[in-house]
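Shown next, in C-alpha cells, is the structure this report addresses.
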Number of protein chains: 2
Amino acid sequence: MNGKQKMDTSDKIMMAAIDLMAEKGYNGVTTQEIAEKAGYSEKTLFRHFKSKQNLLESAFNRYHYAEEMKILFQSKIQYDLQSDLLMISRNYQNIMYCNRKLILISSKDGGNLPSFHERTHKHPQQLKELLTEYFKQMMHKGKIIQTDPEINALAFIYMNFGAAMGRINADPMLQNIPFEKFIEEEVQLFTRALLP
Amino acid sequence: MNGKQKMDTSDKIMMAAIDLMAEKGYNGVTTQEIAEKAGYSEKTLFRHFKSKQNLLESAFNRYHYAEEMKILFQSKIQYDLQSDLLMISRNYQNIMYCNRKLILISSKDGGNLPSFHERTHKHPQQLKELLTEYFKQMMHKGKIIQTDPEINALAFIYMNFGAAMGRINADPMLQNIPFEKFIEEEVQLFTRALLP
DNA sequence: TAAGACCGTCAGTACTTACTGTCATTTTGA
DNA sequence: TCAAAATGACAGTAAGTACTGACGGTCTTA
C-alpha cells in the first residue's frame with residue numbers, strides 16, 4: 001500500500017466522523033453520512049475501518065491531544081501566584097480547545113463508549129492533585145493566605161472548565177469578551193483572593 | 001378517561017424516559033426499553049404518547065423546573081456581598097440539581113431536539129445580566145472594588161456551572177468535599193477578591 | 001504495458017426500531 | 001354488576017442502518 005494516499009483518505013474520513021459526531025452524537029450519524037462528508041463512498045469507509053466503532057476509536061487515538069500537566073508543573077512553575085495561575089490556565093484552555101470536538105463526543109456518548117470517559121477524566125484528576133500540592137507549598141512559603149488548598153484547586157479548575165465549555169459551545173455570554181482577556185481577569189480575581 | 005390513573009402511567013413512562021435518555025441519550029434508548037423500565041408494554045407507551053419525540057417533549061414540559069431569577073434578585077438582594085452571592089449560588093445550584101437529568105439529555109441531544117437548547121440557554125443569559133447589573137450597583141455604592149462587572153459575573157457563573165456539572169456527573173474530584181461547603185468557600189473566595 | 005492499489009456502483013443481508021392493528025383480559029367506577 | 005377504560009400479548013409493517021460481496025474502472029509505478 002502506498003501509505004500516503006491511504007493516510008489522506010483515512011484522515012479525511014476520521015475528521016468527517018469527528019465533525020459529525022461532535023454535532024449529532026455517535027448514534028445520530030450514519031456511516032453513509034460520514035463517507036459522503038469526507039467525499040468518499042460508504043464502501044471505502046469500511047475498507048479503511050473495520051467498523052463504525054473502530055472508526056471512532058481510531059479517530060480518537062489519532063486526534064486526541066494530551067499534554068502532560070505534570071511536566072508543565074515541574075518545569076514552568078515559578079512560585080509567583082499570578083504568573084503561575086496564568087500559565088496553568090492558558091495551558092488548560094489550550095488543551096480543552098484542541099480537544100473540543102472529542103470533548104463534545106465524549107460528553108454526548110461517554111456512557112456508551114467504554115474507554116472514552118476514562119481517558120477524558122484522568123487528566124482533570126491529576127490537575128487537581130498538582131494544583132492542590134501547589135497551593136499547599138504556596139501556603140507554606142507564606143505567599144498566599146491560609147485556606148483549604150483542595151477547595152481552591154477545585155474552584156480554579158471548575159471556573160476554567162466552565163469557561164472552556166462556554167467557548168466550546170459558542171456560549172453567547174462570551175461573545176462580547178475576548179477569551180484571553182477573560183482568562184487574565186479570572187486569574188487576577190483569584191490572585192486578589194489568595195494573596196496575603 | 002379517568003385522569004388520575006392515566007396520569008400515573010404517563011408519569012412513570014416519562015420518568016423512565018428521562019432516566020434512560022439522561023444515561024444513554026435520545027438515540028441510545030428504544031421505546032421498548034423505556035416501556036419495560038416503566039413497567040408497561042411498548043403498546044401502552046404509544047397509547048399515551050403519539051411518538052418517541054412527543055414523549056420526550058412531554059417529559060421535558062412536565063419536569064422542567066424553572067425558577068424566575070429575576071424575582072429572586074428583586075426580592076432577596078440585600079447588597080451584602082457575601083450573603084447575596086451565597087443566596088444566588090445556592091439557588092442556581094438548586095435549579096441545576098433539580099434539572100440535572102434534563103440537562104444531561106440537553107447536553108447530549110440538544111443539537112437534534114430543536115426547542116431544547118433554547119430553553120436551557122435562556123436562563124444563564126438572564127442570570128448574567130442580573131449579576132452584571134448587581135456588581136455595577138455594588139461598585140457604585142463603593143462596596144466592591146473597581147473591576148469589570150461583566151467579567152466578574154461570567155467568572156462567578158462559570159465557576160458555579162463547572163461545579164454543577166461536576167456534581168451532576170458525579171465527578172470523583174468532588175467526592176471528599178461536601179457540596180455545600182464548596183459553595184460557601186467558593187463564595188468566600190469571591191468575596192475576598194472583590195471587597196475593597 | 002502490466003500489475004497492483006484504490007475507489008465507485010449496486011445489489012443485497014441481517015438486524016434493529018418506531019409504530020400500528022387486532023383481540024382478549026383486567027381494572028375501575030357508578 | 002355492568003359498561004367503559006386501560007392494558008397486555010402478539011403479529012406485523014416500513015424504514016433505517018451497519019456491513020458484505022462482486023465487478024469494473026482509474027491511476028500510479030515499475
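Residue numbering restarts at 1 for every chain, and letters A, B, ... go by the order of the sequence lines.
- The side chain of Thr9(B) contributes an N or O atom lying less than 4.0 Å from OP1 or OP2 of dT7(D).
- Between Phe190(B) and Phe135(B), the ring planes lie parallel to each other; the angle is under 30°, not in the 30° to 60° tilted range.
- Rounded to whole angstrom, the span from the CD atom of Glu42(A) across to the C1' atom of dT13(C) amounts to 13 Å.
- What separates NZ of Lys43(A) from C1' of dT13(C) is a distance of 13 Å, to the nearest Å.
- Between Glu150(A) and Lys128(A), the closest side-chain pair of non-hydrogen atoms falls below 4.5 Å.
- Spacing between atom CD of Gln53(A) and atom P of dA18(D) amounts to 12 Å, rounded to whole angstrom units.
- Following rounding to the nearest Å, His48(A) (NE2) and dC7(C) (P) show an atom-to-atom distance of 4 Å.
- The distance between atom CG of Leu45(A) and atom P of dG8(C), rounded to the nearest whole Å, is 11 Å.
- Note on ring orientation: taking the six-membered ring where Trp is involved, the planes of His64(B) and Phe60(B) are parallel (angle under 30°, cut-offs 30° and 60°).
- Side-chain atoms of Glu129(B) and Gln125(B) include a donor-acceptor pair closer than 3.5 Å.
- Under the 30°/60° scheme for interplanar angles, the aromatic rings of Tyr134(A) and Tyr79(A) are found to lie parallel.
- Tyr26(A) places a side-chain N or O within donor-acceptor distance of the main-chain N or O of Gln53(A), the cut-off being under 3.5 Å.
- Phosphate contact (OP1/OP2 of dC6(C), side-chain N/O of Thr44(A), threshold under 4.0 Å): absent.
- In this entry the distance linking CG of Asp8(A) with C1' of dT28(D) reads 15 Å, nearest Å.
- Computed from coordinates, the Tyr40(A) OH to dG25(D) P distance equals 22 Å when rounded to whole Å.
- Listed by residue number, there are no residues of residues 17-36 of chain B with a heavy-atom contact under 4.0 Å to DNA chain D.
- Protein atom CZ of Phe46(B) is 14 Å distant from nucleotide atom P of dG8(D), rounded to whole Å.
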